[in-house]
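For this chain, numbers begin at 1 and follow the sequence in order. Scope of the values below: all heavy atoms of this structure, side chains included, with no hydrogens, waters or symmetry mates.
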Amino acid sequence: MPEGALQRAVELLHRLGEGPVQRTVAELAGDAGMPTSTAYRLLAELEAHGLVARAADRTVTLGTRLVALGRTAEAGLHERLVGPATALMEELSHQIGETVILTAPCGLEAIVLYAVETERHSVRLSYPRFRRAPMHRGASGKVLAAYLDAAELERLVATAGRPDLFEELEQIRANGFGFTAGELDPGAAAVAAPILDRRGRILAGLSIAGPEQRVVADVEGTAGAVVRAAQKIQRAQQG
């Protein structure tokens with residue numbers, strides 16, 4: 001499959017993954033911004049590989065082969081990233097007294113890989129595994145967005161409709177952490193730091209999140225703690 005066609009096929013899979021379980025080809029083509037004839041051709045190729053399935057009523061769903069691929073990907077993430085991060089996340093949550101979250105890029109979204117809730121407070125934030133949120137909202141997403149390559153960053157800014165996002169993300173890179181309040185969840189605030197691979201590309205983000213009034217009381221101290229923990233996870237991940 002040529003590179004341009006591959007990108008469009010991936011876009012179709014992404015649209016299937018974020019919308020209703022069943023979609024028509026015309027709906028998918030419209031959402032992905034491509035001719036219906038192109039969507040039909042690409043979906044036929046994806047169906048041949050078990051990545052999508054087409055029902056008798058001509059609707060399209062994700063294919064069963066993706067279940068196996070997803071389980072393999074989950075196991076790989078646990079071995080490579082979640083496993084090395086778990087103990088450090090528990091230590092950080094105990095130290096700061098807030099929820100600690102590990103997120104990773106998923107297209108133009110941030111997806112929760114793992115979370116450790118504090119036991120210090122009865123009022124605390126809870127994040128289910130695999131929860132997805134727009135990458136341009138909240139510290140846990142923005143710290144990933146700040147390290148996107150140029151093409152993906154352009155696409156994110158265009159999708160978000162926020163030209164001012166470039167400057168904000170540059171500041172996150174300069175500071176080495178991001179802080180937001182009330183952007184993703186009302187009344188909540190978070191501080192996040194990046195976890196990079198050996199080539200300096202974004203691998204994941206580590207966040208401390210809690211009720212806004214508690215987090216804003218010591219943003220600098222929280223930022224220092226989350227940056228140090230992220231760097232430890234980064235070293236552990238890199239071996």
### Task
Could you tell me which residues satisfy salt bridge (charged side-chain N to carboxylate O under 4.0 Å, His left out) with Glu154, sequence neighbours excluded, listed by chain and number?
none

### Message
Between Leu206 and Phe130, is there shared hydrophobic-cluster membership here, with clusters defined by ILVMFWY side-chain heavy atoms closer than 4.5 Å?
### Response
yes

### Task
Identify, with sequence neighbours excluded, every residue that meets salt bridge (charged side-chain N to carboxylate O under 4.0 Å, His left out) alongside Glu91.
none

### Query
Are Val227 and Val216 in one and the same hydrophobic cluster, where Ile, Leu, Val, Met, Phe, Trp and Tyr link if side-chain heavy atoms are under 4.5 Å apart?
yes

### Query
With sequence neighbours left out, what residues match Gln231 under side-chain hydrogen bond (donor to acceptor under 3.5 Å, both in side chains)?
none

### Task
Applying side chain to side chain contact (heavy atoms under 4.5 Å, CB included), run through Leu169 and Tyr147 and close with a yes or a no.
CA-CA 8 Å; Leu169 297 180; Tyr147 291 84; over 6 Å; no

#### Entry: Glu74 bridged to Arg129 by N-O distance under 4.0 Å
yes

#### Entry: Side chain Arg173, main chain Ala146, donor-acceptor under 3.5 Å
yes

### Task
For Arg65, check salt bridge (charged side-chain N to carboxylate O under 4.0 Å, His left out) against everything at least two apart and list the hits.
none

### Query
So, Asp197 side chain and Gly200 main chain: donor-acceptor pair closer than 3.5 Å or not?
yes

### Query
Given Val215 and Ile208, is the side chain to side chain contact (heavy atoms under 4.5 Å, CB included) satisfied, shown in steps?
CA-CA 8 Å; Val215 176; Ile208 294 175; 5.5 Å; no

### Query
Backbone N or O of Phe177 within a donor-acceptor pair of the Asn175 side chain at under 3.5 Å?
no

### Task
Would you give the length of the straight line joining atom CG of Leu46 to atom CG of Leu66, rounded to the nearest 0.5 angstrom?
9.0 Å

Side-chain donor-acceptor distances from residues 108-122 under 3.5 Å, at least two apart:
unit_1, atom_1, unit_2, atom_2, d
Glu109, OE1, Arg132, NE, 3.4
Glu109, OE1, Arg132, NH1, 3.4
Glu117, OE1, Arg124, NE, 3.1
Glu117, OE2, Ser126, OG, 2.7
Thr118, OG1, Gly97, O, 3.4
Thr118, OG1, Arg120, N, 3.0
Arg120, NH2, His94, O, 2.5
Arg120, NH2, Gln95, O, 3.3

### Query
Would Thr103 and Leu144 count as a side chain to side chain contact (heavy atoms under 4.5 Å, CB included) if you check the C-alpha gap in whole Å, the side-chain angles of each, and the deciding distance to 0.1 Å?
CA-CA 8 Å; Thr103 56; Leu144 305 176; 3.9 Å; yes

### Task
Report the residues that fulfil side-chain hydrogen bond (donor to acceptor under 3.5 Å, both in side chains) with Glu47, sequence neighbours left out, ordered by chain and then residue number.
Arg54

### Query
Do Val100 and Val219 belong to the same hydrophobic cluster, where Ile, Leu, Val, Met, Phe, Trp and Tyr are linked whenever their side-chain heavy atoms lie under 4.5 Å apart, directly or via other members?
yes

### Message
With heavy-atom distances below 4.5 Å as the criterion, would you say the side chains of Leu165 and Leu156 are in contact?
### Response
yes

### Query
Atom CG of Leu102 and atom CG of Leu81: how far apart are they, to the nearest 0.5 Å?
4.5 Å

### Pairwise salt bridge (charged side-chain N to carboxylate O under 4.0 Å, His left out) hits with a residue in residues 138-149, at least two apart
Lys142-Glu168, Lys142-Glu183

### Query
Taking a hydrophobic cluster as the set of Ile, Leu, Val, Met, Phe, Trp and Tyr residues connected by side-chain heavy atoms closer than 4.5 Å, whether directly or through intermediates, do Leu196 and Leu77 fall within one such cluster?
no

### Message
Would the distance check show the side chain of Thr86 and the main-chain N or O of Val82 forming a donor-acceptor pair, the cut-off being under 3.5 Å?
### Response
yes

### Message
Looking at every heavy atom in both Ala9 and Leu42, which two are closest together, and how far apart are they?
### Response
N-CD1, 4.0 Å

### Summary
Arg80 meets the side-chain hydrogen bond (donor to acceptor under 3.5 Å, both in side chains) criterion, sequence neighbours left out, with none

### Task
Go through the steps for Val226 and Ile96 under the test side chain to side chain contact (heavy atoms under 4.5 Å, CB included), then give the verdict.
CA-CA 9 Å; Val226 76; Ile96 302 298; over 6 Å; no

### Message
Thr159: which residues meet the side-chain hydrogen bond (donor to acceptor under 3.5 Å, both in side chains) condition with it, sequence neighbours left out?
### Response
none

### Task
Kindly write out the residues that satisfy salt bridge (charged side-chain N to carboxylate O under 4.0 Å, His left out) with Arg155, not counting sequence neighbours, or none if the list is empty.
Glu11, Glu152

### Summary
When every non-hydrogen atom of Gly178 is compared with those of Ala139, the smallest separation belongs to O-CB, 3.7 Å

### Query
Out of curiosity, Leu51 CG to Leu16 CG, how far, rounded to the nearest 0.5 Å?
10.5 Å

### Query
Same cluster for Val143 and Leu203 if Ile/Leu/Val/Met/Phe/Trp/Tyr side chains link at under 4.5 Å?
no

### Query
Looking at side-chain heavy atoms only, is the closest gap between Ile202 and Pro105 below 4.5 Å?
yes

### Query
Is a donor on one side and an acceptor on the other found under 3.5 Å between the side chain of Thr38 and the backbone of Met34?
no

## Note on the structure
Taken in chain and number order and not counting sequence neighbours, the residues that satisfy side-chain contact (heavy atoms from CB on, under 4.5 Å) with Ala209 are Ile101, Leu125, Tyr127, Ala190

### Query
Pairs in or reaching into residues 206-230: which pass salt bridge (charged side-chain N to carboxylate O under 4.0 Å, His left out), with residues at least two apart or in two chains?
Glu98-Arg214

